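Inspection log for the structure reproduced underneath, given as structure tokens.
Counting begins at 1 with the first residue of the sequence. FYI, side chains are in, hydrogens and waters are out, and symmetry mates aren't considered; it's all heavy atoms of this structure. Keep in mind it's a predicted model, so treat the numbers as computed, not measured. First listed ligand is number 1; within each ligand, the first listed atom is number 1.
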Amino acid sequence: MVDGSETTERCVVHKRQGQDGGDAAWRGVQKKLRDFYGSAIYDSWLSALVYSGNENGRVVLLVPTRFIKEWILVHYLERILKYWQEESDAVYSVDICVSDGAGMQPQVAGHPDGAVDGSPVVVVGGTYDHLSSPLDPRFTFDNFVVGKPNELAFAAARRVAESSAPIPGSNPLFLYGGVGLGKTHLMHAIAWYILNSSVKRKIAYLSAEKFMYQYVTALRSKDIMLFKEQFRSVDILMVDDVQFISGKDSTQEEFFHTFNALIDQNKQLVISADRSPSDLDGVEDRIKSRLGWGLVADINETTFELRLGILQLKIEKMGVHVPNEVLEFLAKNIKSNIRELEGALNKVVAHSSLVGSSVTIESASGILSDLLRANHRLVTVGMIQKKVAEFFGIKLEDMYSARRLRALARPRQVAMYLAKRLTQKSLPDIGKSFGGRITQRSSMP
Ligand code: ADP
Ligand code: MG
């Protein structure tokens, strides 16, 4: 019998019988499990199991937390029983019990972290601060201007924020689009909305980089169980810029487990990336396909109307006056991304307040001459990558793939250098377009 249900009695009754020969059998089972599942899964999940004893064919294994117990019941118990039966045909069941360190612990219904089901525990800004990244107070739904390029992403984000449970077909919500088009803004807006609403749900928002960093730190400090538990106890997990996870195998594995665990428990996930799930190079196929299971919403390049709308909202919030013709001039000429557009507006407004004169098209074009020139040239990182790839005779994907062949290093460096010179992108943004691997050592000649 493979039975996940466990009464307190089933766990408490058991007494360790020292000479039951079970230790050797358990070692045999462990070896088979490791061989079958591989060390990544084994170390993540199965290494947590401790053999307690075998009472007349009922084997009891202990785990440190309720969450791990549930995960093992769902995913691995059947095979654990099978392998036990191969070691000893007298075994008829395997029970998984949560250990309190000394013995057995009765199960209490509720959140794995001990909170009673449904109790308001907010991750962001609360006791889980270390998990989450800070939220920008400006990034709310109210401050987000909706237009054709982002209406799907906006509507989806809004629905996730408003509904108390994941919406079928929208989990995960995968937002993707180029740099500076509003992905982070929408994720923060979801978090703010929930934080300000009366229904408290636990939210964790963090960049994929932070997720990896936390994972590696947990590995080092041997706190991996705590790591898993924390992430898996949230109601909404939002991971920004997952293209950075590419290539880092064990982090991918962990991300995938966390991801699966949350979806299985009907928790909402929101993911962002600078490209669609299928274009995430260096990410395993099964992860890519799972990421694309829910709603994939892209944010397209901005239109003139959207850019103008954003500028109008911004000056309203700033409480300054900028003539409409100047706003139109900016919206027409700065097309690269919204971050740059905002930067341009700030610059113009700051300048005019310093010199004490109102903004005109002439003064704006003088102040922004570099930026305007770059926007007019209309050279994009994508165009540079394509040309450089052609010149060196390599595939375009190799510009941003996880492959690290020496032959690819030079073309990538050249393309990065040109991107820095010919576009207005910042180094980190350029890095993102190259699969996120730019470092201080990616020398700019
Ligand atoms: P991404 O995460 O896609 O790179 P961000 O969310 O950081 O981009 O957005 C860059 C800047 O542009 C932010 O200051 C953000 O507030 C602003 N922004 C992006 N889209 C919009 C929008 N639709 N309305 C208002 N501001 C926006
Ligand atoms: Mg972002």
Side-chain angles (χ1 to χ4, degrees), residues 132-158 160-161 173-193 205-212 238-245 270-276 279-280 296-318 322 327 330-331 334-347 349-350 371 375 380-382 400 419 423-436 438:
S132 279
S133 303
L135 297 175
D136 189 318
R138 293 166 306 163
F139 290 2
T140 59
F141 284 129
D142 285 347
N143 285 343
F144 192 85
V145 180
V146 188
K148 268 261 160 278
N150 58 26
E151 62 186 3
L152 174 64
F154 175 81
R158 186 92 211 187
V160 163
L173 169 60
F174 190 101
L175 300 171
Y176 80 94
V179 172
L181 296 182
K183 303 180 295 290
T184 300
H185 188 136
L186 282 178
M187 294 174 113
H188 287 208
I190 294 175
W192 283 124
Y193 186 95
Y205 162 84
L206 75 172
S207 65
E209 275 171 318
K210 184 155 183 186
F211 181 92
M212 292 187 314
M238 296 196 270
V239 185
D240 207 350
D241 287 322
V242 294
Q243 70 274 6
F244 286 125
I245 286 186
V270 183
I271 311 283
S272 87
D274 65 355
R275 53 199 92 156
S276 74
D279 287 337
L280 284 171
V296 177
D298 58 342
I299 306 184
N300 293 304
E301 294 296 322
T302 55
T303 57
F304 170 76
E305 289 73 28
L306 179 63
R307 294 193 294 272
L308 187 61
I310 291 170
L311 291 173
Q312 282 162 343
L313 180 77
K314 277 226 82 166
I315 57 162
E316 195 189 310
K317 297 269 166 193
M318 289 156 94
V322 177
L327 297 182
L330 295 179
I334 300 170
K335 302 177 192 161
S336 42
N337 71 53
I338 300 167
R339 198 172 293 141
E340 259 172 20
L341 187 67
E342 287 182 342
L345 179 69
N346 289 340
K347 223 166 155 180
V349 169
L371 190 59
N375 269 271
T380 64
V381 177
Y400 41 78
T423 74
Q424 288 291 312
K425 303 263 184 234
S426 66
L427 267 186
D429 284 349
I430 293 172
K432 287 184 191 172
S433 311
F434 285 83
I438 204 164

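Between Ile310 and ligand 1, no N or O atom pair is found at a separation short of 3.5 Å. In terms of polar-atom proximity, Val146 is not counted as a contact of ligand 1, lacking any N or O under 3.5 Å from an N or O of the ligand. Between Gly180 and ligand 1, an N or O atom pair is found at a separation short of 3.5 Å. Inclusion of Phe144 in the set of residues having an N or O under 3.5 Å from an N or O of ligand 1 is not warranted.
Looking at Trp192, its side chain does come within 3.5 Å of a backbone N or O of Asp136 through a donor-acceptor pair. A donor-acceptor contact shorter than 3.5 Å links the side chain of Lys183 to the backbone of Gly177.
Here Phe154 has no heavy atoms under 4.0 Å from ligand 1, in either its backbone or its side chain.
If you check which protein heavy atom lies closest to atom 23 (N) of ligand 1, you get Val145 O, 2.8 Å. The protein heavy atom nearest to atom 20 (N) of ligand 1 is Ile338 CD1, 3.2 Å. Closest protein heavy atom to atom 14 (O) of ligand 1: Glu342 OE1, 2.7 Å.
Excluding water, every protein N/O/S atom under 2.8 Å from the Mg ion (ligand 2) is given here by residue and atom: Thr184 OG1.
Rounded to the nearest 0.5 angstrom, Leu327 CG and Ile315 CD1 are separated by 4.5 Å. Residue Ser272 holds its OG atom at 14.0 Å from NE2 of His185, rounded to the nearest 0.5 Å. Between the CD atom of Gln243 and the OH atom of Tyr400 there is a distance of 12.5 Å, given to the nearest 0.5 Å.
Note: Phe154 and Phe144 have parallel aromatic rings, judged against thresholds of 30 and 60 degrees for the angle between ring planes.
For the pair Lys432 and Val179, the tightest heavy-atom approach, listed with the atom from each and the gap, is CD-CG2, 4.4 Å.
Asp240 has its side chain out of reach of Lys210: every pair of non-hydrogen atoms, C-beta onward, lies at least 4.5 Å apart.
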